[in-house]
Amino acid sequence: MREGYDEVAELYADLFADALDRQPVDRAIIAAFTDLVRTGAAAGGGCPGVVADVGCGPGQLTALLRRAGVDALGVDLSAAMIARARRDHPGVPFVRGLAGRLPFADASLGGIVAWYSIIHTPPARMDGLFTEFHRVLAPGGQLLVAFQATDTDDGGPVPHAHRVAPSHRWPAPRIAQLLGGVGFTETARVRRAPDGVDRQPAAMLLCRRPPRP
Amino acid sequence: MSLDPLLLEILACPCSKHGDLRPEELDGAPVLVCAACGLAFPVRDDIPVMLLDEAVPFPGSAASASS
């Protein structure tokens, strides 16, 4: 996958540079996420304000999060993607790392966004990925996950013809179930029909690690 | 190295102990060294490469002494 995204980084970045400008529903759930992160950090309960954009690609969402007043940084495996992210978004911090082995201490983040980046995780490892997200999020921290959804809510993940690396589309209830299983509490669930950017329906799940009692 | 202050503050090692990192130099190149496992992670063009398969034991650290 590393090599795959390295090869297509420039094309991919050009194709999706302004995608969010054309996706008002996506922007709305992102706005809800940043609002919750800022509120949580300001509440003084010790929840940090730092957000990791995990699988940030060319960094357009990382930059949007920062414009929304969030202390965001981008993490991606691909060297070429990160190089492009730095070029397009000077001043935004980026780091190379693996989503399943994040370079952060336990409970050190106030938020994680995984924007269409969980799709390359083999289904059997999805549970481990969410456990890792839960580890690095502070109690009260927010998680926003977006992914290509299956056409119906029944069944399991289905292989998805992705140009870069093997990936799956998922029914939202199954992802919600896995998130709940590792300790997340769901706040909101959005299903977006195919739009001018995506040919598949998308699902977006907003959830949080419960605060300390 | 001109590492973003947010990265220096928030990054930890991807090893199982998630140790604190300190900036060092290895063969004249900037690295981040884990206090727990002793691995040195390269910092290329101011981008920390926090991948275990690209890290090397830092000379004199606990990990390099035991390996």
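Convention: sequence-line order gives letters A, B, ...; per-chain numbering from 1.
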*So does A:Arg87 have more than 12 non-hydrogen atoms from other groups sitting under 6.0 Å from CZ?*
yes

*At a heavy-atom separation under 4.5 Å, does B:Leu11 approach chain A through its side chain, its backbone, both, or neither?*
both

*Quick one: which residues of residues 49-74 of chain A reach chain B at under 4.5 angstrom, heavy atoms only?*
A:Val50, A:Arg66, A:Asp71, A:Ala72, A:Leu73

*Go through the atoms of B:Leu21 and report whether side chain, backbone, both or neither lie under 4.5 Å from a heavy atom of chain A.*
neither

*Considering residues at least two apart in sequence or located in another chain, which fulfil the salt bridge (charged side-chain N to carboxylate O under 4.0 Å, His left out) criterion with A:Asp127?*
none

*If you draw a 6.0 Å radius around CG in B:Asp20, do more than 12 non-hydrogen atoms from other residues or ligands fall strictly inside?*
no

*Could you list the residues that satisfy side chain to side chain contact (heavy atoms under 4.5 Å, CB included) with A:Glu186, not counting sequence neighbours?*
A:Ala176, A:Arg189, A:Leu205

*Side-chain contact, heavy-atom cut-off 4.5 Å: A:Leu98 with B:Pro14?*
no

*Which pair of non-hydrogen atoms, one from A:Pro93 and one from B:Leu6, has the smallest distance, and what is that distance?*
CG-CD2, 3.8 Å

*What are the two closest heavy atoms between A:Ala105 and B:Ala12, and how far apart are they?*
N-CB, 3.5 Å

*With A:Arg86, which residues qualify under side chain to side chain contact (heavy atoms under 4.5 Å, CB included), at least two apart?*
A:Phe94, B:Asp46, B:Ile47

*Straight-line distance of A:Arg101 CZ to B:Cys13 SG, nearest 0.5 Å*: 9.0 Å

